[in-house]
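In listed order, ligands and their atoms are each counted from 1. Computed over heavy atoms, backbone and side chain alike; hydrogens, waters and symmetry mates excluded. This structure is a prediction, so every number in the text was calculated from the model and none was measured.
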Amino acid sequence: MGEGPAKQYREVGGRPMLLWSVTAALACPAIDRVVVVVPAQDEDYVRGLLPEQQRIRLAHGGAMRTDSVRSGLTALADLDPAAVLIHDAARPGLTPEVILELLAALEGADAAAPALTLTDAVKELGEDGRLRTVPRDNLRRIQTPQAFRTETLIRAFEQAAEAAVDDLALVEAALGPDRARIALTPGRAELMKITHAEDLAIAERLLSPPPFRIGEGFDVHAFGEGDFVTLCGVAIPHSRGLKGHSDADAGWHALTDAILGAAALGDIGDHFPPSDPTWKGASSLIFLTHAVKLVQKMGMAVVNADITLMCERPKIAPHREAMRIATAEALGAPLSCVSVKATTTEKLGFLGREEGIAASAAVLLGPAPI
Ligand code: MG
């Protein structure tokens, strides 16, 4: 893995690799306890990483893999569990479904493990330097977690003579390969083991959320006293004004909500409560800028925005370009990525009766440009 912290503490998809498996196990209703086996000197560090302590126990690892698993089993002894799953923290793609599949397969078996078939051709390199083709149809790549009936596993460990490649091997040795009933469940690409530095980049792509997020927003303000309305940052002369929160810019309120929605950060009212007099008459640029900054903190940026203003009057068309320019500037986005459209509602409803103005907005967030 090269320089840096031990691989189980390296971040994948924004959190330490170890936490992916612990969190997935705790999220599975069939799991009562999780034992995290760690080097003794890492105990305090790992305790600090863990999401909760109640259902987690820590045990100290040993020199060999078998010693570490034995230590984990000992830490569970007082609970006398019916089944135990042994998992490698270097496989962060664990899900509760994987665990449930294994436990279902364990009914009527001594052990169960996820397995993948091979798609590449397999060759054996002989001592003589020659390649020989190995039939691959009966070969399987075994992943973890591996699930065991506890009594089977304890017996296997009692009889374990030497270090094994995995825990299934101990069961095969203890029961005899012909007698051990080992069930296989479907393996998954996401359960890949992180061994080399380049595996991290693959896991990152498999486990990270997609880099794009969409959001939509909607807002309405009623007409009231006044001689202009503010829409998308532009003051437009009109026979009436708009009532409400701040400068009542329905266009930018819808846009702010769309951005917050894409980021899953609540809505404009959460960030700027209407009850707070601070925001009375305030420019909606404050709200929009706040949302943009929150998005930047996530390492994202607005890719494009599309706003629709709904009213009979004032006419929007003469002001559309000014609105696009003001909005693009506020977002820090190219003008070509900002659209402002307008529609009437054919004189229907409260908009048709000219009681107010509505706006809707859609945005796409993507990775911030480098
Ligand atoms: Mg509003």
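- Side chains of Ser284 and Asp247: a donor-acceptor N/O pair is present below 3.5 angstrom, by distance only.
- Phe287 has its ring centre no less than 6.0 Å from the ring centre of His271.
- Between the ND1 atom of His253 and the OD2 atom of Asp219, the angle taken at the Mg ion (ligand 1) works out to 90° after rounding to 10°.
- Taking the Mg ion (ligand 1) as reference, His221 places its N/O/S atom NE2 nearest.
- Hydrophobic clustering keeps Phe218 apart from Val229 (ILVMFWY residues linked when any side-chain heavy atoms are closer than 4.5 Å, directly or through intermediates).
- Heavy atoms from other residues, nucleotides or ligands lying under 6.0 Å from CG of Leu79 number more than 12.
- Distance check for Asp249 against the Mg ion (ligand 1): none of its N/O/S atoms falls below 2.8 Å.
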